[in-house]
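Data first, discussion second: the structure below is written as structure tokens.
Every value quoted in this text rests on a predicted model; they were computed, and no experiment measured them. Along the sequence shown, residues are numbered consecutively beginning with 1.
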Amino acid sequence: MSLKYRRVLLKISGEMLAGEQTYGIQPSVLHNLADEIADVLTMKVEIAIVIGGGNIFRGLAASASGMERASADYMGMLATMLNALALQNALEKKDVPTRVLSAIEMRQLAESYIRRRAIRHLEKKRVVIFAAGTGNPYFTTDTAAALRAMEIGADVIMKGTKVDGIYDADPMTTPTAKRFTELPFLSVLNKSLKVMDATAITLCMDNDLPIIVFNLTSSGNIRKILEGEPIGTIVSKNALVT
């Protein structure tokens, strides 16, 4: 079996873990996600994950409500740790060896992030979950995903969402919204498309790291992407607007 990508970084928003709930973690979503990851590991792929914390606490929203931005962002980082530990538990119940690496030192809960250690875990076919973003306020988990992907030498960032790609308008509210099959980085920035924040997009563009935005709730999509099927929308330097 030929794989298009050998080492990938999967970006999951905290809202994905909430499922149909407005807050917290929906166990069935966690269970299904663990099944998907366990399945593709049999393909000898190396998987790292960056997970958000918006299902528990959103630093930017708290900042807008009057909280100091730095404090709000640190609280958001702690929320990502809760999600990372929950996902680790779900994966290890499937006999998937998993390590959580935190950008903020929490020795009782996770290993501290060291780039070479993360790469070694991947080489040993362990799933690596990066928690606490970059460890710095004012940076999102999207930026953390771009940074970690480049540090570990990932072939692609796979951003799992609730929709099947990037649209020119919100498909939930605009039935006529057009889905793109591929986009160049500059078009994402110029059109202000809500894919990842501008810092993350610029970082990927400068380092020629493609991003695939796809529907994570659809079973089998991770495997299909790894096998090279055209799932979702790919954002890359030389892509056409299609």
Side-chain angles (χ1 to χ4, degrees), residues 3-14 16-17 30 33-34 36-53 73-74 76-137 139-160 196-197 199-204 206-212 216 222 225-226:
L3 290 178
K4 186 168 183 179
Y5 307 106
R6 291 284 175 181
R7 179 177 291 172
V8 303
L9 187 136
L10 179 62
K11 170 61 169 68
I12 306 170
S13 68
M16 284 294 303
L17 295 188
L30 207 59
L33 180 58
E36 290 279 310
I37 294 169
D39 173 57
V40 298
L41 279 178
T42 62
M43 304 166 69
K44 308 301 180 185
V45 68
E46 296 172 4
I47 297 180
I49 300 170
V50 169
I51 195 160
D73 282 353
Y74 280 122
M77 292 177 213
L78 296 179
T80 70
M81 177 59 77
L82 296 178
N83 286 336
L85 293 174
L87 181 56
Q88 179 185 38
N89 181 261
L91 285 167
E92 291 188 337
K93 283 185 175 179
K94 312 286 183 187
D95 296 321
V96 174
T98 309
R99 297 292 186 273
V100 175
L101 272 63
S102 173
I104 297 175
E105 188 174 358
M106 302 185 200
R107 284 181 291 175
Q108 287 85 352
L109 300 177
E111 298 177 23
S112 294
Y113 172 71
I114 298 173
R115 185 180 70 88
R116 289 182 182 273
R117 177 185 289 168
I119 292 171
R120 187 62 179 146
H121 285 320
L122 291 169
E123 290 171 346
K124 287 178 174 288
K125 306 305 177 188
R126 297 166 180 156
V127 172
V128 175
I129 304 173
F130 297 117
T134 66
N136 302 291
F139 291 94
T140 67
T141 51
D142 282 343
T143 300
L147 178 63
R148 296 291 184 248
M150 284 176 287
E151 286 182 308
I152 65 172
D155 300 320
V156 67
I157 294 177
M158 297 168 57
K159 179 164 184 179
M196 300 173 86
D197 66 78
T199 304
I201 294 294
T202 303
L203 206 52
C204 290
D206 289 346
N207 292 275
D208 199 14
L209 179 66
I211 304 165
I212 296 176
L216 186 56
I222 298 177
I225 291 170
L226 293 174

- Item | Interatomic spacing from CZ in Arg7 to CD1 in Ile47 - rounded to 0.5 Å | 12.0 Å
- With no hydrogens and no angle check, is any side-chain donor or acceptor of Asp155 less than 3.5 Å from a backbone partner on Val8? no
- Note on the structure: Sorted by chain and number, sequence neighbours left out, side chain to side chain contact (heavy atoms under 4.5 Å, CB included) with Asp206 holds for Thr202
- Item | For the student: nearest non-hydrogen atoms of Gly52 and Asn83, plus distance | O-ND2, 2.8 Å
- Only one of Thr134, Asp73, Leu147 forms a side chain to side chain contact (heavy atoms under 4.5 Å, CB included) with Phe139, so which one is it? Thr134
Donor-acceptor contacts, no H, no angles, side chain residues 84-94, under 3.5 Å, sequence neighbours left out:
residue: Gln88; atom: NE2; partner: Thr98; partner atom: O; Å: 3.3
residue: Lys94; atom: NZ; partner: His31; partner atom: ND1; Å: 2.9
residue: Lys94; atom: NZ; partner: Asp35; partner atom: OD1; Å: 3.0

- Note on the structure: In this structure, CG of Leu226 is separated from CE of Met43 (nearest 0.5 Å) by 5.0 Å
- Task: Sorted by first residue and then second, give each ring pair (Phe, Tyr, Trp, His ring centres under 6.0 Å) pair with at least one member in residues 84-115; sequence neighbours left out.
- Result: Tyr113-Phe130
- Message: Please evaluate residues Leu109 and Ser102 with respect to the criterion side chain to side chain contact (heavy atoms under 4.5 Å, CB included), reporting the C-alpha separation (whole Å), side-chain torsions for both, the decisive distance (0.1 Å), and the verdict.
- Response: CA-CA 9 Å; Leu109 300 177; Ser102 173; over 6 Å; no
- Message: One pair to check against side chain to side chain contact (heavy atoms under 4.5 Å, CB included): Arg117 and Arg99. What are the steps and the verdict?
- Response: CA-CA 10 Å; Arg117 177 185 289 168; Arg99 297 292 186 273; over 6 Å; no
- Query: Between Thr80 (side chain) and Gly53 (backbone), is there a donor-acceptor pair under 3.5 Å?
  - Reply: no
- Message: Applying side chain to side chain contact (heavy atoms under 4.5 Å, CB included), can you list everything that pairs with Asp208, at least two apart in sequence or on another chain?
- Response: Lys237
- Query: Which atoms form the tightest heavy-atom contact between Ala38 and Val96, and what is the distance?
  - Reply: CB-CG2, 3.7 Å
- Those residues that, when tested against Thr199, pass side chain to side chain contact (heavy atoms under 4.5 Å, CB included) (two or more places apart): Thr143, Asp197
- Task: Under the side chain to side chain contact (heavy atoms under 4.5 Å, CB included) rule, what do Met196 and Thr140 come out as? Steps first, then yes or no, please.
- Result: CA-CA 9 Å; Met196 300 173 86; Thr140 67; over 6 Å; no
- Query: Measuring from Leu30:CG to Leu17:CG, what's the distance to the nearest 0.5 Å?
  - Reply: 6.0 Å
- Got Leu101 and His121 here, is their nearest side-chain heavy-atom distance under 4.5 Å? yes
- Residue pairs passing the salt bridge (Lys or Arg N to Asp or Glu O under 4.0 Å) test with at least one member in residues 121-135, sequence neighbours excluded, are Glu46-Lys125, Arg120-Glu123
- Nearest heavy-atom approach of Gly160 to Met16 is O-CG, 3.9 Å
- Query: Roughly how far, to the nearest 0.5 Å, is CD1 of Ile222 from CD of Glu36?
  - Reply: 5.5 Å
- Query: Which value, rounded to the nearest 0.5 Å, describes the distance between Leu33 atom CG and Leu10 atom CG?
  - Reply: 7.0 Å
- What is the minimum heavy-atom distance between Pro137 and Met77, and which atoms define it? N-CE, 3.5 Å
- Query: Salt bridge between Lys159 and Asp142, side-chain N to carboxylate O under 4.0 Å?
  - Reply: yes
- Distance in Å, Arg148 CZ paired with Ile49 CD1, rounded so as to fall on 0.5 Å steps: 14.5 Å
- Task: Heavy atoms only: give me the nearest Lys11-Ala145 pair and the separation to one decimal.
- Result: CD-CB, 3.9 Å
- Heavy-atom closest pair, residues Leu9 and Ala154: N-CB, 4.1 Å
